[in-house]
Amino acid sequence: MRCGAGIEARQVNELFINIDPIQAGGRLTADAMKAVIAYGDGYSVCDNCRKPNRLDYINKPPIADFHKDVAKWLNMDDVRTVPGARRGFQAVAQTYVGKGDPVLLTSLSHYTEFLAIEEAGGCVREIPANENRMITPEATAVKIEEVKRECKKDPVLAFIDHVDYQYGNMHDVKAITKVARQYDIPVVYNGAYTVGILPVDGKDIGADFVVGSGHKSMAAPAPSGILAVTSERSGEVFRTTAIEGDVTKRKFGIKEPEMMGCTLMGATLVGMMASFPQVKERVKHFDRELENNRIVLEALLSISGTKILSQYPRKHTLTRMDTVASFDKVAETHKKRGYYFSNALEEKGIVGIIPGATKVWKFNTYGLTTKQAQYLAEAFIAIASENGLFSQ
Ligand SMILES: *Cc1c(COP(=O)(O)O)cnc(C)c1O
């Protein structure tokens with residue numbers, strides 16, 4: 001099947017078990033697919049935009065209610081939709097970070113947090129992870145004291161990833177936030193791998209901002225995401241425009257500069273909304289996802305030399321493996337070198353691991369059925385067996 005212009009229809013999730021770490025939580029629901037078709041046209045959500053003209057006030061489709069529901073669901077006060085988690089970081093950074101201001105990230109932070117701070121003119125100070133690849137409240141306090149000494153300024157923000165993208169480790173964001181708050185540093189909770197995957201309670205964590213990614217974790221089209229804030233921060237990051245034209249004296253009322261007025265105007269927003277009822281339900285069943293993950297990991301660990309680099313037992317389905325002493329041994333002499341591994345998986349209908357990687361690689365079992373998890377487990381065992389890893 002072709003879409004025209006040389007574009008082939010993508011049939012990855014239809015034909016394969018896809019364990020790509022970044023794609024698992026973003027796969028569309030059937031309702032989101034319908035929404036994409038119905039609201040694909042430009043500015044299609046604007047049909048019923050009435051005064052006051054702003055995206056989050058539109059009632060048909062129920063965009064205004066969606067904003068309220070998401071705020072309540074995350075136990076925060078105010079929400080806006082944004083084109084990706086990164087645009088949420090950017091809005092917060094542009095509001096609070098001035099030239100040369102130090103901002104706390106961690107040694108496991110995502111690059112988009114770095115770029116948001118760079119754009120705002122700030123400088124990054126990373127809280128180092130410990131030997132277990134965990135960010136601790138103790139290390140946070142040490143780093144804040146170091147920044148105060150060296151920069152002669154307190155950090156103006158702290159971005160903390162609840163689950164990091166490198167290991168899928170779950171950090172004690174509540175305890176880390178408590179430390180930051182003792183220094184009056186506002187905290188951005190990065191929920192790119194959690195909002196839409198497991199329950200998130202912003203007030204309980206103590207976060208000033210909760211950022212989520214629609215296309216990574218809320219079964220929504222890209223680029224989409226949410227920025228949720230406390231009422232204390234709402235007037236700051238969602239301040240309204242004050243600019244005026246010198247000739248026309250025009251002003252722009254309740255439009256918000258950090259949102260550039262309105263954000264998601266069609267398939268992205270309505271797709272995220274259409275998936276939301278199922279997303280709200282699925283976060284209550286994360287235990288099943290961990291159980292499926294365990295099935296696969298136990299199979300991998302039965303292959304001698306195979307190590308899990310992520311915290312174990314797992315608290316998230318995104319997992320980093322070290323197979324230097326197992327699958328990589330085969331690559332040394334295999335005629336396809338490292339590609340034998342991803343090729344063998346693909347032959348068994350499994351995609352999503354970086355082609356050629358046999359040393360360190362990541363995968364995500366999120367969204368698999370138990371049957372698919374068992375199949376995946378058996379596939380890893382079979383590839384190990386076919387390549388002599390059990391006969392040594
Ligand atoms: C994927 C990811 C992001 C970026 O999310 P977008 O919605 O694509 O902007 C940010 N932080 C972490 C930890 C991520 O894993």
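Indexing begins at 1, ligand by ligand and atom by atom, following the structure's order. Please read all numbers here as calculations on a predicted model, not as lab measurements.
Residues with a heavy atom under 4.0 Å from ligand 1: G84, A85, R86, F89, H110, T112, D161, Y165, N190, A192, Y193, S213, H215, K216.
Using modelled atom types, one side-chain atom of K143 and one backbone atom of E126 make a donor-acceptor pair closer than 3.5 Å. For the pair S310 (side chain) and Y167 (backbone), a donor-acceptor distance under 3.5 Å is present.
The aromatic rings of Y340 and H334 lie parallel to each other, with less than 30° between the two planes, well short of the 60° mark.
Residues F66 and F276 bring their aromatic ring centres within 6.0 Å.
Residues D77 and T230 have side chains that never bring a donor and an acceptor to within less than 3.5 angstrom of each other.
Only one option out of Y165, Y193, F363 pairs with H316 in a ring-ring contact (aromatic ring centres under 6.0 Å, His included); it is Y193.
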